[in-house]
Amino acid sequence: MTPQELRQKLDENRAVVLDALAKAKTAEELAQLKNSLVGKTSAISELRSVVGDMEKEQRPEAGQILNEAYEDVSGLYDNRLKELIAEQNLNQQKDEVQDLSAVISATKSFSQSIKAGRLHPITQMQWRLEDVFCAMGYTVVEGPEVESEWNNFGALNFPLGHPARDMYDTFYVDHGEPQSTLLRTHTSPVQVRTMLSQPPPIYVVAPGRCYRQDTADSTHMPVFHQIEGLVVDKGIQFGDLAGTIDKFIKAIFGNEFKTRLRPSYFPFTEPSAEFDIFVPETETNNKNAGKWIEMGGCGMVHPNVFEACGINPSEYTGFAFGFGIDRLAMMEFGIDDLREFWNGDIRFLRQF
Ligand code: PHE
């Protein structure tokens, strides 16, 4: 066989592979084809054995042609697999949204009829936030609390040694390379996971526990809850971010509450802002009545983050925001000491 003939055979194989990739409808189905498309039993592997029978001078060229064909076909395979996984995740998320509302209404009527246990105040606050965002068309997504350094920092544009890492008093987990695994310090790694697993448009919120080394006192705990929002779409602007924040604060607390943004810095957003809410004077049993209070961070997704997550920043823009759920729950339920949430005292919990 000559290199030209080899090239032709590989071109024919490429067409066969493309056809098989298009026909596979699930990631499992595709994974079963892996061996025959790019593995030991594939045409490329078989063709490798003909190199030995070629003229000596032709062998390096043939080897190179085979390597290129292998890179090409395995790239096609990987992309299709990613695509199918993203599709499956999307479908699963859709199902979860439905489950969530079913659980909320079931729980409500259940606890009203018989005085059984009830949801923890932080869970109640989290579910209310999820409800508001679901009504705005967002999907709820979750990620693990033990994260890779890459998802928590690297992909979010905190290069190794970046001073912004010091803002997060990170708990590292003794696993793999030193400092490669950690307890997530914020919910932002779920942004990375979401962008890597599904194509835009993306409208998601990610609630969950986060960890930072902190001494427990009335306003700090080493474990706390955040909710993260991420929007990625064509033509998203800073005004969309400001409007979204204002809408959900009004939906949660009422139309008299106001919001404002102040310039700030986060490595993964540019421009970045801090957002505050104004508690109206009429909220007489709220100790913050008449005051602006700090709520969380937000900004436009940094192009470096899009690039790390395989999204083209000249095609898409987006915003993200994140804030603590515990502080909101303290405000909503009039609780002065954060530690109350963790005592598990039934007399405390029964009040909510
Ligand atoms: N992750 C940031 C923090 O915990 C908050 C944030 C989220 C800021 C999204 C901007 C955008 O400090």
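Just so you know, ligand 1 is whichever comes first in the structure, and atom 1 is the first atom listed for that ligand.
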Closer than 4.0 Å to some heavy atom of [X] - which atoms of ligand 1 meet that?
| X | value |
| --- | --- |
| R212 | 3 (C), 4 (O), 12 (O) |
| F266 | 8 (C), 10 (C), 12 (O) |
| E228 | 7 (C), 9 (C) |
| S188 | 1 (N), 7 (C) |
| Q226 | 3 (C), 4 (O) |
| C298 | 8 (C), 10 (C), 11 (C) |
| A320 | 9 (C), 11 (C) |

Taking only non-hydrogen atoms of F268, do any sit less than 4.0 angstrom from ligand 1?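 It does; at least one heavy atom falls under 4.0 Å.
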Students often mix this up, so state it plainly: with edges at 30° and 60°, are the rings of Y168 and H186 parallel, tilted or perpendicular?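 Geometry flag for H186 against Y168: tilted rings.
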What orientation do F348 and F352 show, parallel under 30°, tilted 30 to 60°, or perpendicular over 60°?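 Perpendicular, since the angle between the ring planes exceeds 60°.
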Nearest-0.5 Å distance, [atom1] of residue [X] to [atom2] of residue [Y]:
| X | Y | atom1 | atom2 | value |
| --- | --- | --- | --- | --- |
| D337 | N343 | CG | CG | 8.0 Å |
| R7 | E68 | CZ | CD | 7.0 Å |
| D240 | D233 | CG | CG | 9.5 Å |
| I245 | F275 | CD1 | CZ | 4.5 Å |

Using a 3.5 Å cut-off on N or O atoms only, is Y168 in polar contact with ligand 1?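 It does: an N or O of Y168 is found under 3.5 Å from an N or O of ligand 1.
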Does the separation of the ring centres of F323 and F248 fall below 6.0 angstrom?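 F323 vs F248: aromatic centres under 6.0 Å.
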Residue and atom name of the nearest protein heavy atom (relative to atom 8 (C) of ligand 1), distance in Å to one decimal: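 Among all protein heavy atoms, the one nearest atom 8 (C) of ligand 1 is G297 C, 3.5 Å.
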